[in-house]
Amino acid sequence: MTRNKGEKGEKLATEVRRQFGAEAVTRFLRTLPAFRTEADIPDRFRELLDRLDGAEDSDVGWRRQ
C-alpha cells in the first residue's frame, strides 16, 4: 500500500467515525427497529447494554475528534 492510499484510508476512517458519532445520526439510528431494544429482554442483557452505553458515553470525546 502506498503512503497516499494509507493516508486516504485514515482520512476516510476518521470521517466515518465522525459522522457515526454525530447526534443526528444517533437519533436516526434509534428510530430503526434493528437498533431498538426490546422491552422484555432479560435483566442480565439489559445490564450489559447499560454498561455498553456507559462505555460509549465515556468515549464520546475520542469519536468527535
Side-chain angles (χ1 to χ4, degrees):
M1 179 180 283
T2 65
R3 182 176 182 168
N4 192 24
K5 285 184 180 179
E7 289 173 2
K8 285 182 181 180
E10 287 179 23
K11 287 180 181 179
L12 178 61
T14 301
E15 181 63 18
V16 168
R17 275 195 296 276
R18 184 189 68 76
Q19 289 185 15
F20 271 102
E23 178 100 16
V25 173
T26 303
R27 278 194 313 267
F28 171 71
L29 290 175
R30 286 183 181 147
T31 67
L32 299 175
F35 294 92
R36 227 178 291 142
T37 59
E38 297 293 325
D40 60 344
I41 63 172
D43 290 337
R44 176 68 179 140
F45 292 134
R46 185 167 306 282
E47 290 170 13
L48 290 172
L49 287 170
D50 290 342
R51 286 178 53 196
L52 182 60
D53 284 341
E56 288 174 344
D57 290 342
S58 68
D59 198 31
V60 167
W62 176 81
R63 288 188 294 163
R64 300 260 166 102
Q65 290 179 351

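Only a predicted model underlies this, so the values are computations on that prediction, with no experimental measurement involved.
V25 and V16 end up in the same hydrophobic cluster when Ile, Leu, Val, Met, Phe, Trp and Tyr side chains are linked at under 4.5 Å.
Each of R17, R18, K11 was scored for a salt bridge (charged side-chain N to carboxylate O under 4.0 Å, His left out) with E15, with one residue passing: R18.
By the side-chain contact (heavy atoms from CB on, under 4.5 Å) test, L32 pairs with F28, L29, F35, sequence neighbours left out. Taking the side-chain contact (heavy atoms from CB on, under 4.5 Å) definition, one finds that E10 meets it with nothing, sequence neighbours left out. Taking R51 as the reference, L48 meet the side-chain contact (heavy atoms from CB on, under 4.5 Å) condition, with sequence neighbours excluded.
Pairing each heavy atom of R46 with each of I41, the nearest pair is NH2-CG1, 3.5 Å.
Atom-to-atom distance recorded for L12:CG and E7:CD is 13.5 Å, nearest 0.5 angstrom.
With a 6.0 Å radius and a threshold of 12 heavy atoms from other residues, nucleotides or ligands, D53 has its CG atom above the threshold.
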